[in-house]
Amino acid sequence: MSESHFDQMTYLMGFIFLLVLVIIGTIAFSIIQKRKLKKETSALKEKAPDEARLDHLKSEIEKGLPYQNIKVIDVPVAAPAIEKEISIAEALVNTEASFFGRIRKAFSNSDKAKVIDDIEEILYTSDLGPQTVEKLLDVVKSELSSKELGDISSVKQALQREMTEILEPIQAGFEGHIKLQQQIHQAATGPTVLMIVGVNGAGKTTSIGKITSQLAQDGQKVLVAAGDTFRAAAGNQLKMWTDRAQATAESGKGEVEIFWPTNTTDPSAVAFDAVQKAKAQNFDYVILDTAGRLHTQVNLMDELKKVKRVMAKVIAEAPHETWIVLDANSGQNALMQAKEFHQALTLSGVVLTKMDGTAKGGVALGLVDQLQIPIKLIGIGEKITDLRLFKHTEYVNSILGL
Ligand SMILES: Nc1nc2c(ncn2[C@@H]2O[C@H](COP(=O)(O)OP(=O)(O)OP(=O)(O)O)[C@@H](O)[C@H]2O)c(=O)[nH]1
Ligand SMILES: [Mg+2]
């Protein structure tokens with residue numbers, strides 16, 4: 001091969017090499033560009049709701065409010081079907097295994113001595129707390145003569161008397177009430193503020209939905225504040241319940257709004273702004289949901305104390321009610337939770353949930369006896385209508401089958 005030939009070949013090879021490099025480079029560049037575009041598109045898709053919220057927030061700020069009614073999902077919720085209302089008694093004696101069912105069954109035994117033994121066992125295993133059990137058993141054993149002890153109806157009467165004696169001093173004021181509003185200590189002026197607390201999963205958010213529904217049906221304007229800034233899904237869950245509650249309100253009457261700021265994780269800020277908004281916009285009620293926490297978590301209990309304090313800066317008497325939501329199934333533990341929360345927050349009432357079919361429904365007696373806090377409401381199911389005013393006579397009669 002001549003030298004010029006060799007040079008030509010070298011140039012050609014170099015040119016081909018460069019061409020291949022350019023082609024590879026172009027392909028690689030287009031792949032990178034495509035990937036980048038895909039990433040940006042999906043990021044944009046994810047960002048869209050936030051931007052919508054931001055726009056909403058901006059317009060709210062322009063209106064002079066820090067943030068209000070920020071809705072992430074607007075799913076229309078159908079009004080719940082009207083169902084047949086069941087009484088407390090019907091709900092409580094639903095199962096044989098319930099506290100009520102067991103006591104009734106014990107009384108149906110024809111062997112009278114066995115009745116007393118059974119009652120004793122049921123009381124001890126129903127989480128009333130030993131103090132309350134002793135009180136009840138003392139009455140059964142000592143106040144009745146041995147002759148009467150054989151008489152089943154006098155045993156029932158003695159128990160009825162003692163149970164009523166425990167409940168009446170605390171509950172009597174609520175006995176004649178027919179509406180949920182009557183269970184709530186009303187603000188002298190401005191909105192009445194309810195703060196709802198309790199351990200995780202007790203039924204706080206569900207109960208708020210049920211309470212709001214009853215208030216809305218009564219024509220009240222209710223602001224529900226999403227003070228559970230801890231759990232990511234909490235806001236959406238509350239939104240679902242407030243939508244349901246709104247759907248139960250008579251058209252043109254009750255009004256339900258959710259206050260769900262997304263730009264803060266501080267529950268005190270939510271509480272403060274919610275009360276301020278409710279005051280400025282003439283709401284009748286503010287109901288504050290809070291994140292579940294254990295009574296043993298000192299810093300989280302301190303956080304609740306702060307939440308309570310800041311609301312008083314807007315309305316001196318707020319919150320007008322501080323209710324603990326307790327799961328009846330947690331028995332003795334419910335007593336412990338109530339004690340600790342009461343010490344930290346000075347509770348004004350109890351919402352006792354999951355009373356439907358619990359074996360530990362006796363806890364209501366123990367709570368009132370040992371804490372001297374009224375039971376305001378009981379939850380008897382998962383539906384929006386499954387909330388009843390607690391009536392102590394109906395409760396005692398249900399226990400004893402009277
Ligand atoms: N059977 C029955 N279930 C109930 C009742 N009240 C609430 N629940 C159920 O209890 C579960 C927990 O309810 P939530 O309202 O989420 O409880 P929470 O206290 O807000 O929970 P956190 O926010 O996680 O602390 C849900 O599955 C509810 O349906 C009731 O009275 N009876
Ligand atoms: Mg909740």
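In each ligand, atom 1 is the first atom listed, and ligand 1 is the first ligand listed. Sequence positions, counted from 1, serve as the residue numbers for this chain. Computed from heavy atoms alone, side chains included, the values below leave out hydrogens, waters and symmetry copies.
- With ligand atoms numbered from 1 in the order given, ligand 1 contributes 25 (O) to contacts under 4.0 Å with heavy atoms of Gly292.
- Atom NZ of Lys221 is separated from atom CZ of Phe283 by 4.5 Å, given to the nearest 0.5 angstrom.
- Considering only non-hydrogen atoms, atom 3 (N) of ligand 1 lies nearest to Glu382 out of Arg388, Glu382, Met355.
- Nearest protein neighbour of atom 16 (O) of ligand 1, counting heavy atoms only, is Gln237 NE2, 2.9 Å.
- When only non-hydrogen protein atoms are considered, atom 17 (O) of ligand 1 lies nearest to Gly203 N, 3.0 Å.
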Exercise. Step by step, would you call Lys179 with Asp218 a salt bridge (Lys or Arg N to Asp or Glu O under 4.0 Å)?
Worked result: CA-CA 9 Å; Lys179 284 182 176 184; Asp218 245 355; 3.4 Å; yes
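- Taking only nitrogen or oxygen atoms, main chain and side chain alike, Gly379 reaches within less than 3.5 Å of ligand 1.
- Using a 4.0 Å cut-off between a side-chain N of Lys or Arg and a carboxylate O of Asp or Glu, Lys306 and Asp302 do not qualify as a salt bridge.
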For this session: Check the pair Thr322 / Ser348 against side chain to side chain donor-acceptor pair (under 3.5 Å), numbers first and verdict last.
Result: CA-CA 5 Å; Thr322 307; Ser348 58; 5.0 Å; no
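- Exactly one of Glu321, Gln214, His177 qualifies for a side chain to side chain donor-acceptor pair (under 3.5 Å) with Gln183. That residue is His177.
- When atom types are taken as modelled, the side chain of Gln181 and the backbone of Gln186 share no donor-acceptor pair closer than 3.5 angstrom.
- Considering Asp284, Val222, Thr192 as possible partners of Leu215, the one that fulfils the side-chain contact (heavy atoms from CB on, under 4.5 Å) test is Val222.
- Ligand 1 is approached by Lys210 to a heavy-atom distance shorter than 4.0 Å.
- Atoms CD and OG1, on Glu162 and Thr132 in that order, are 9.5 Å from each other to the nearest 0.5 Å.
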For this session: Go through the steps to decide whether Thr212 and Arg244 satisfy the test side chain to side chain donor-acceptor pair (under 3.5 Å), and finish with yes or no.
Result: CA-CA 9 Å; Thr212 306; Arg244 283 183 190 165; over 6 Å; no
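- Excluding waters, the count of protein N/O/S atoms less than 2.8 Å from the Mg ion (ligand 2) comes to 1.
- The number of heavy-atom neighbours closer than 6.0 Å to CZ of Phe174, taken from other residues, nucleotides and ligands shown, is above 12.
- Close to ligand 1: Ala202, with a non-hydrogen atom less than 4.0 angstrom away.
- Salt bridge absent: Lys135 and Glu165 never bring a charged side-chain N and a carboxylate O closer than 4.0 Å.
- The heavy atom nearest to atom 1 (N) of ligand 1, out of those in Asp356, Asp386, Thr290, is found in Asp356.
- In this structure, CE on Met301 lies 9.0 Å from CD on Gln343, to the nearest 0.5 angstrom.
- Contact atoms of ligand 1 toward Asp228: 23 (O) (distance under 4.0 Å to a heavy atom of the residue).
- Under a 4.0 Å heavy-atom criterion, Gly201 is in contact with ligand 1.
- Looking at atom 13 (O) of ligand 1, its nearest protein heavy atom turns out to be Thr206 OG1, 3.4 Å.
- Not a single donor-acceptor pair under 3.5 Å links the side chain of Arg231 to the backbone N or O of Thr229.
- Against a heavy-atom cut-off of under 4.0 Å, Ile380 is close to the following atoms of ligand 1: 31 (O).
- In this structure, the protein non-hydrogen atom closest to atom 30 (C) of ligand 1 is Gly381 O, 3.1 Å.
- Around atom 19 (O) of ligand 1, the closest heavy atom drawn from Lys204, Arg231, Lys354 belongs to Lys204.
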